[in-house]
Structures are given as structure tokens and as C-alpha cells.
Colleague: 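This is the structure I have questions about; it appears just below.
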Amino acid sequence: MRTRWPGFLLFAALLAVWEISSACAWVDPISVPRVTVIFSSWIDIIMHGELVRQLIASLGRIFAGFGMAVVIAVPLGLLMGSVTIVYRLLEPLTEFVRPIPAAAYIPVAILFLGIGNGMKIFVVVLACLFPILLNTYGGVRGVDPVLVDTGRTFGVPAWKALWQIVFPAALPSILTGMRISLGISLIVSVVSEMIAGNSGIGYFILDMQRVFRVPEMFAGIFTLGLLGYAINFVFLQVERHYLRWRGTSNETA
């Protein structure tokens, strides 16, 4: 916090400018309400549980999809980086599917899975899969061959070397891919809820806009910002714990 206070100070200054601009009608106070009005509405919908219910629904989809993506992508990335035939088998499919935006899968997912949680989780899985997969693969390919050769010299089996030597050495890249995917999962979950949802923070924001409850709409947007910041902060602590052997860790927000 000591090193980040200039950023928080800038954010507070921007909110102050927003408050003054709306209060003095420099901007349309109906479309851009005062920050104090937004915070008042924010507290009200939190106290009534309206926002909390929507937030819990979104978090469930985000972490379910992200967790499934990790379970699938990390082992595949380890195999692609270690076994040539696996890389040759999966590389064309990966490079074909990876550039397609995750939102483009939503209409197809609706056809097969409907508009329930399954569709939204599926889209989150697809969106999170490739950053983790490619970062895991890149981390494995970047492992110093001397480490693996040393393990073989001491008679470590190939499968054991993959888990005890290659995986720890590739962990920084794996965690980077996971961190990127966490942000993507939040974006894709919100988009899917806006397009085809009846719950979640994305649905809440769009619903507030439809009924012209503008302060509540901005409160939902602010909630997304805080949620993204909190998820990133917690993940940085996890990363710092598992990479403490490096002496330093990535602390950029």
C-alpha cells in the first residue's frame, strides 16, 4: 500500500472531478449521476442483498470455469511441452481455435446447452483454456535441459521428472497464464450474462440500464472493478507463496 498510494490518490481525484462535474451539471446528471448518489445506491442494494446474490452467481461461474480450465490445460501443456507427438497432434487444433474470441462461441453454446449455468461455464472454460495451455507449454519448453538431464543421471523416471523437475521449473509461466485467465474469466462471464442470462452481475448491470436505474448500474460496474482488483490481489499473494523460492515475485497489478 505504501508504494501504491499515488495510484489510489489519482483514482480519488478522478472521482472528485466526476462528483463536481455532475453536481455542477457540466455533464448530464441523469446519465452520469454524482458519485455520492452512486455510493448511496451501492450501499442500499448491498444491504438489501440484491447485489450480493448476483455477485455470488457470477463468482460461482467464474471459479467453476476457471478451475476446469486449469485441470484441463496444465496437464495438456506439460504433455505438449514434453512429448513431441502430443504437440504435433494438438498444435494445429490449438492454433485454429485460439484466435476465435470466446464471445463468438456463445450463440453456439446456447444452441447446445441452453441459457443456464452450463453454457456460461463452458464459455469461461474455453476462454481460460488457451492462455493457461500456451503459458504452460512455453514454461516447459523454457526449462533448462540440464535440470532434466541431471534427474535422468540420478535415475528419475520420465513421469516423475515431469512432476518433480519440469513442473516446478515451469510454475512461474503457469501462474502467469492462470492470472491472465482469471481476468478473462470475469470478462467472459459478464458478457455471457448480458447476452443470455437471468442472474449474475452482468445481467444486473444490463437490467439496471433497461429500467433506467442509472446509479445502480454504475454501482454494478464499480463492483466489477473492485472484484477484478480483489481477485488479482489474492492471486498475487498465492503466486508470492508458491514462488517464494525465487526471492521475488511479480507484483504488478
Side-chain angles (χ1 to χ4, degrees), residues 1 3-4 59-99 102 121-122 124-189 227-253:
M1 295 298 292
T3 59
R4 296 184 178 182
L59 286 174
R61 293 161 187 154
I62 289 169
F63 289 119
F66 174 75
M68 292 173 65
V70 170
V71 170
I72 296 170
V74 172
L76 278 181
L78 290 171
L79 289 175
M80 285 180 67
S82 304
V83 183
T84 304
I85 186 62
V86 176
Y87 172 77
R88 291 176 178 172
L89 180 67
L90 296 179
E91 189 270 341
L93 179 63
T94 300
E95 292 303 320
F96 176 79
V97 177
R98 180 178 63 86
I121 292 172
F122 172 76
V124 172
V125 171
L126 274 181
C128 294
L129 188 69
F130 296 106
I132 301 173
L133 176 65
L134 295 178
N135 275 275
T136 302
Y137 167 77
V140 172
R141 298 300 296 173
V143 173
D144 190 347
V146 174
L147 294 176
V148 181
D149 292 340
T150 302
R152 289 175 179 172
T153 301
F154 284 97
V156 178
W159 65 270
K160 202 169 184 179
L162 185 63
W163 176 248
Q164 295 186 346
I165 299 175
V166 175
F167 176 75
L171 190 57
S173 294
I174 296 172
L175 289 174
T176 298
M178 291 171 63
R179 186 180 170 204
I180 293 170
S181 290
L182 265 176
I184 294 174
S185 69
L186 178 60
I187 296 170
V188 172
S189 177
L227 178 62
Y229 190 91
I231 289 175
N232 182 70
F233 179 81
V234 171
F235 192 83
L236 281 175
Q237 308 314 306
V238 174
E239 184 181 62
R240 182 180 295 111
H241 172 73
Y242 284 104
L243 300 183
R244 60 189 184 278
W245 50 268
R246 295 197 308 177
T248 58
S249 62
N250 185 7
E251 297 188 11
T252 58

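Along the sequence shown, residues carry numbers from 1.
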Colleague: How about Arg98: does its CZ atom have over 12 heavy atoms from other parts shown lying under 6.0 Å from it?
Modeller: yes

Colleague: Which atoms form the tightest heavy-atom contact between Phe235 and Arg179, and what is the distance?
Modeller: CE2-CB, 3.4 Å

Colleague: Has the side chain of Ser185 got a donor or acceptor atom that lies under 3.5 Å from a matching backbone atom of Leu182?
Modeller: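 Here the side-chain-to-backbone pair exists.
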
Colleague: Give the minimum heavy-atom separation between Val125 and Ala69, together with the two atoms involved.
Modeller: O-CB, 3.9 Å

Colleague: Step by step, work out the side chain to side chain contact (heavy atoms under 4.5 Å, CB included) result for Glu239 and Leu236.
Modeller: CA-CA 5 Å; Glu239 184 181 62; Leu236 281 175; 3.6 Å; yes

Colleague: Would you name the heavy atoms of Leu78 and Thr136 that are closest together and state the gap between them?
Modeller: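 Looking at all heavy atoms of both residues, the shortest contact is N-CG2, 3.6 Å.
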
Colleague: Closest approach of Phe66 and Ser181, non-hydrogen atoms and distance?
Modeller: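 Closest approach of Phe66 to Ser181, heavy atoms only: CE1-CB, 4.0 Å.
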
Colleague: Quick one: closest heavy-atom pair of Val188 and Ala102, and the distance?
Modeller: CG2-CB, 3.9 Å

Colleague: Check Ile184, Val124, Ile121 against Ser189 for a side chain to side chain contact (heavy atoms under 4.5 Å, CB included) and give me the one that passes.
Modeller: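 Going through the options one by one, the only one that passes is Val124.
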
Colleague: The test is side chain to side chain contact (heavy atoms under 4.5 Å, CB included); show your working for Leu59 and Leu227 and say whether it passes.
Modeller: CA-CA 9 Å; Leu59 286 174; Leu227 178 62; 3.6 Å; yes

Colleague: Knowing that exactly one of Leu133, Leu129, Leu89 qualifies, which makes a side chain to side chain contact (heavy atoms under 4.5 Å, CB included) with Thr94?
Modeller: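 Exactly one pass, corresponding to Leu133.
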
Colleague: If every non-hydrogen atom of Glu95 is compared with every non-hydrogen atom of Leu134, which pair is closest and at what distance?
Modeller: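 Scanning both residues, the minimum pair turns out to be OE2-CD2, 4.3 Å.
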
